[in-house]
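These numbers were taken from a predicted model, which means no experiment stands behind them.
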Amino acid sequence: MAVSKRKIRAVEMVAKGLVRESSDSGFLVRSEKDESKWYRVEWKHNRWVCECEDFRRRGRTCKHIYAVMYWQLVQNAVSGCEMLKYPACPECGRFDEVVKCGMRYNKSGPVQRYQCKRCGVKFTDRSGFHGMKNSARVVAAALDLYFKGLSLRQISQHLKHAFGVEVSHVTVRNWVKKYVMLVDSFLSDLKLPTSERWHADETVVKVEDRHMLIWTLIDSETRMIIATNVSKYRGVEEALNLLKKGREIVHSPPDEIVTDGLKSYRKAVEELFEGRDIIHVQSSLRKGLNNKIERLFRDLKIRSKISGFRSEEGVEIFADGYRIHHNFLRAHQSLNNKTPAQAAGLIEDELSWLDLIRLASRKTGREDSKG
């Protein structure tokens, strides 16, 4: 998907430090041609507005507004990646008492060693980034920006201007694939606590010249995405696959499932929960019951259009990564600014992609050493 010149210029403006916050909840963006001129950008009447001539004349998003939007994304991504200056101790889990302790040299080159001052353990960081030419901070920031709505090419441009790292959009795509698969495998062992009501629905995404479906199952109370499934058709088998995935990873089945009017859901619910008194509510008969999942789909559709899928595997990686981002990294206003994972009691503190990758890599390392 081609990136507009306005968006490319906006990324460059952020990298040059031309965006700053003002004291009254707005933003100031400096003109590239006139260093003494600043344009004010603010959120007004449910939209971004700018005082530049381009916005006044066209009434559409200008490069200054795009710059503010990217600036906000970058602040969130970088702050999340800088949370852990040093890796956590594998014994006590603390990272505030970890210090560097020399280097270890192996075939792949020098590896930083650390020591925990609390328990005296010496260790190397199983961060999951061994063999990578670029820093963990850069890779984790790329993942965060991707699932916050930037395209692969926009991320490539940003890394060049902000970090001095030149990588292609293909490299960024490979990072996304590698680390989404790693983290998803790590999280697959979790048993999710859910409420009595689930919501299920499906939405269409475009894959080059054809369409595919992303099926999604969410918990009503915590907004947790329980499961996703990607398919070509809307049949009973596809609906059943979604519900089976959900049933396998939760502590207990729901008392009620809300879906749209698709007949496949009725047959799938009857088959999977045969003998159980499950209430199946079809929202086509009662308006508004499936609004929670429909709101999620509005956001998912916007991000899927930016991603520009080329294969079924690409859709599956996106669906898995979006589920991780939604459940563990994105705070929701309706949950008192907690993530669904926090609301469900799975975690206490906010996490970043860097945290999840480190946790997943340490688990992989422990399993390898046992084998």
Chemist: Quick test of your reading of the model: are Lys232 and Glu238 salt-bridged, counting only N-O distances below 4.0 Å?
Modeler: no
Chemist: Under 4.5 Å between any side-chain heavy atoms of Lys16 and Arg30, yes or no?
Modeler: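 No - every pair of side-chain heavy atoms lies 4.5 Å or more apart.
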Chemist: For atom CG of Asn336, decide whether the heavy atoms of other residues, nucleotides or ligands shown that lie under 6.0 angstrom number more than 12.
Modeler: no
Chemist: Do Leu190 and Leu182 sit in one hydrophobic cluster, given that two such residues count as connected whenever their side-chain heavy atoms are within less than 4.5 Å of each other, even indirectly?
Modeler: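 Yes, Leu190 and Leu182 fall within the same hydrophobic cluster.
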Chemist: Ignoring hydrogens and angles, tell me if any N or O in the side chain of Arg223 forms a donor-acceptor pair with the backbone of Ser220 under 3.5 Å.
Modeler: yes
Chemist: Please check this pair: side chain of Gln342 against backbone of Thr339, looking for a donor-acceptor N/O pair closer than 3.5 Å.
Modeler: yes
Chemist: Would you indicate whether Glu208, at its atom CD, is surrounded by more than 12 heavy atoms from other residues, nucleotides or ligands within a distance under 6.0 Å?
Modeler: yes
Chemist: Do Glu202 and Tyr265 pair up side chain to side chain, a donor and an acceptor below 3.5 Å, judged on atom types alone?
Modeler: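 Yes, because at least one side-chain N or O of Glu202 sits under 3.5 Å from a partner of the opposite role on Tyr265.
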Chemist: Determine yes or no for a side-chain-to-main-chain donor-acceptor pair under 3.5 angstrom, with Gln154 supplying the side chain and Ser151 the backbone.
Modeler: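 Pair found, side chain donor or acceptor close to backbone of Ser151.
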Chemist: Starting from the C-alpha separation in whole Å, work towards a yes-or-no answer on side-chain contact (heavy atoms from CB on, under 4.5 Å) for Val204 and Met212.
Modeler: CA-CA 6 Å; Val204 177; Met212 298 201 72; over 6 Å; no
Chemist: If I compare all heavy atoms of Ala67 with all of Val14, which pair ends up nearest, and what's the gap?
Modeler: O-CG2, 3.2 Å
Chemist: Just by distance, with hydrogens left out, do Thr171 and Ser168 show a side-chain donor and acceptor under 3.5 Å apart?
Modeler: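 Note: Thr171 and Ser168 side chains meet the donor-acceptor criterion.
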Chemist: Going by side-chain heavy atoms closer than 4.5 Å, which hydrophobic residues are tied to Leu28, directly or by a chain of links?
Modeler: Trp38
Chemist: Would a hydrophobic clustering, with Ile, Leu, Val, Met, Phe, Trp and Tyr connected at side-chain separations under 4.5 Å, put Ile214 with Ile317?
Modeler: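 As far as the 4.5 Å side-chain criterion goes, Ile317 and Ile214 are connected within one cluster.
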Chemist: Answer yes or no: is there a side-chain heavy-atom contact under 4.5 Å between Val98 and Lys117?
Modeler: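 No, every pair of side-chain atoms sits at 4.5 Å or beyond.
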Chemist: Looking at every non-hydrogen atom in both residues, tell me the closest pair between Val180 and Gly321 and how far apart they are.
Modeler: CG1-N, 3.6 Å
Chemist: How long is the straight-line distance from OG1 of Thr259 back to NE2 of His199, given to the nearest 0.5 Å?
Modeler: 11.0 Å
Chemist: Using the side chain to side chain contact (heavy atoms under 4.5 Å, CB included) rule, pick out the option among Asp320, Val207, Leu213 that qualifies with Val315.
Modeler: Val207
Chemist: Short question: side chain of Ser264, backbone of Ala239 - any donor-acceptor pair under 3.5 Å?
Modeler: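 Not confirmed, Ser264 side chain does not pair with Ala239 backbone.
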Chemist: Heavy atoms only: give me the nearest Val11-Gln157 pair and the separation to one decimal.
Modeler: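 Scanning both residues completely, I find the closest heavy atoms to be CG1-C, 3.8 Å.
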Chemist: Give a yes-or-no answer on whether the side chains of Asp219 and Thr222 include a donor-acceptor pair shorter than 3.5 Å.
Modeler: yes
Chemist: How many angstroms lie between atom CD1 of Ile226 and atom CZ of Arg247, to the nearest 0.5 angstrom?
Modeler: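 CZ of Arg247 is found 11.0 Å from CD1 of Ile226.
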Chemist: Let me have the donor-acceptor pairs involving side chains of residues 249-257, under 3.5 Å, with sequence neighbours excluded, atom names and distances please.
Modeler:
{"unit_1": "His251", "atom_1": "NE2", "unit_2": "Lys191", "atom_2": "O", "d": "3.4"}
{"unit_1": "Glu256", "atom_1": "OE2", "unit_2": "Arg197", "atom_2": "NE", "d": "2.6"}
{"unit_1": "Glu256", "atom_1": "OE2", "unit_2": "Arg197", "atom_2": "NH2", "d": "2.5"}

Chemist: If you measure from OG on Ser352 to CG on Leu143, what distance do you get to the nearest 0.5 Å?
Modeler: 10.5 Å
Chemist: List the residues meeting side chain to side chain donor-acceptor pair (under 3.5 Å) with Thr194, not counting sequence neighbours, and say none if there are none.
Modeler: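 Applying side chain to side chain donor-acceptor pair (under 3.5 Å) to Thr194 gives Trp198.
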Chemist: Quiz question: by atom type and distance under 3.5 Å, do the side chains of Arg6 and Thr61 form a donor-acceptor pair?
Modeler: no
Chemist: Would you say the side-chain atoms of Thr228 and Trp215 include a donor-acceptor pair closer than 3.5 Å?
Modeler: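 No - no donor-acceptor pair under 3.5 Å links their side chains.
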Chemist: Quick check: closest heavy atoms across Phe55 and Cys62, and the distance to 0.1 Å?
Modeler: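 Between these two residues, the closest heavy atoms are CB-SG, 4.2 Å.
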Chemist: State whether Arg330 and Asp144 are salt-bridged, where the test is any N-O pair (Lys NZ or Arg NE/NH1/NH2 against Asp/Glu carboxylate O) under 4.0 Å.
Modeler: no
Chemist: Val236, Leu242: one ILVMFWY side-chain cluster at the under-4.5 Å cut-off?
Modeler: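 Different clusters.
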Chemist: Mark yes or no for whether Asp34, through its side chain, and Ser36, through its backbone, hold a donor-acceptor pair below 3.5 Å.
Modeler: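 Side chain of Asp34 to backbone of Ser36, a donor-acceptor pair under 3.5 Å: yes, one is there.
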Chemist: Between Arg60 and Asp54, is there a side-chain N and carboxylate O pair less than 4.0 Å apart?
Modeler: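 So Arg60 does not pair with Asp54 through a salt bridge.
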Chemist: Any side-chain to backbone donor/acceptor pair from Ser31 onto Glu35? Under 3.5 Å, distance only.
Modeler: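 Checked: no pair found.
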Chemist: Would Leu300 and Phe318 satisfy side-chain contact (heavy atoms from CB on, under 4.5 Å), going step by step from the backbone distance to the final call?
Modeler: CA-CA 10 Å; Leu300 186 148; Phe318 172 82; 4.1 Å; yes
Chemist: One thing to verify: whether Arg40 and Glu42 come together as a salt bridge, which I'm taking to mean a side-chain N less than 4.0 angstrom from a carboxylate O.
Modeler: yes
Chemist: Within this structure, what is the NZ-NZ distance for the pair Lys37 and Lys33, rounded to the nearest 0.5 Å?
Modeler: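 Here the interatomic distance stands at 10.5 Å.
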Chemist: Let me confirm one number: the CE-NZ distance from Met181 to Lys178, rounded to the nearest 0.5 Å.
Modeler: 11.0 Å
Chemist: Are more than 12 heavy atoms from other residues, nucleotides or ligands located less than 6.0 Å from atom CD of Glu237?
Modeler: no
Chemist: Which value, rounded to the nearest 0.5 Å, describes the distance between Trp353 atom CH2 and Leu329 atom CG?
Modeler: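 One finds 6.0 Å between CH2 of Trp353 and CG of Leu329.
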Chemist: Do Arg56 and Glu53 sit within salt-bridge range, that is, some charged N less than 4.0 Å from a carboxylate O?
Modeler: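 Salt bridge flag = yes for Glu53 with Arg56.
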Chemist: Indicate yes or no for a side-chain donor-acceptor contact from Ser188 to the backbone of Ser185 under 3.5 Å, with no hydrogens or angles considered.
Modeler: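 Yes, Ser188 side chain to Ser185 backbone: donor-acceptor pair under 3.5 Å.
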Chemist: Are Val172 and Val138 grouped together when hydrophobic residues (ILVMFWY) are joined by side-chain heavy atoms under 4.5 angstrom apart?
Modeler: yes
Chemist: For side-chain contact (heavy atoms from CB on, under 4.5 Å), just list the numbers for Val68 and Trp48, CA-CA rounded to whole Å, side-chain angles, deciding distance to a tenth of an Å, and then say yes or no.
Modeler: CA-CA 9 Å; Val68 169; Trp48 287 108; 3.9 Å; yes
Chemist: Same hydrophobic cluster for Val176 and Val183, using side-chain heavy-atom links shorter than 4.5 Å among ILVMFWY?
Modeler: yes
Chemist: For a quick test of reading the model, state the closest non-hydrogen atom pair linking Ala344 to Met224 and the distance between them.
Modeler: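 Minimum heavy-atom separation between Ala344 and Met224: CB-CE, 3.9 Å.
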Chemist: Assert yes or no for the condition that the ring centre distance of Tyr322 to Phe147 is strictly below 6.0 Å.
Modeler: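 For Tyr322 and Phe147, the ring centres are not under 6.0 Å apart.
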Chemist: A quick test of your reading: do over 12 heavy atoms of other residues, nucleotides or ligands sit less than 6.0 Å from CZ of Arg58?
Modeler: yes
Chemist: Please name the pair of heavy atoms, one in Glu350 and one in Asp355, separated by the smallest distance, quoted to 0.1 Å.
Modeler: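 Result for this residue pair: O-OD2, 4.2 Å.
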Chemist: Salt-bridged, Glu32 to Lys63, with N to O below 4.0 Å?
Modeler: yes
Chemist: Please find out if less than 6.0 Å separates the ring center of Trp71 from that of Phe27.
Modeler: yes
Chemist: Applying the side chain to side chain contact (heavy atoms under 4.5 Å, CB included) criterion to Ile225, which one of Ile324, Leu217, Leu296 satisfies it?
Modeler: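 Single pass found, and it is Leu296.
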Chemist: Just do the side-chain contact (heavy atoms from CB on, under 4.5 Å) check on Tyr114 and Cys101 with the steps written out, would you?
Modeler: CA-CA 5 Å; Tyr114 299 92; Cys101 183; 5.6 Å; no
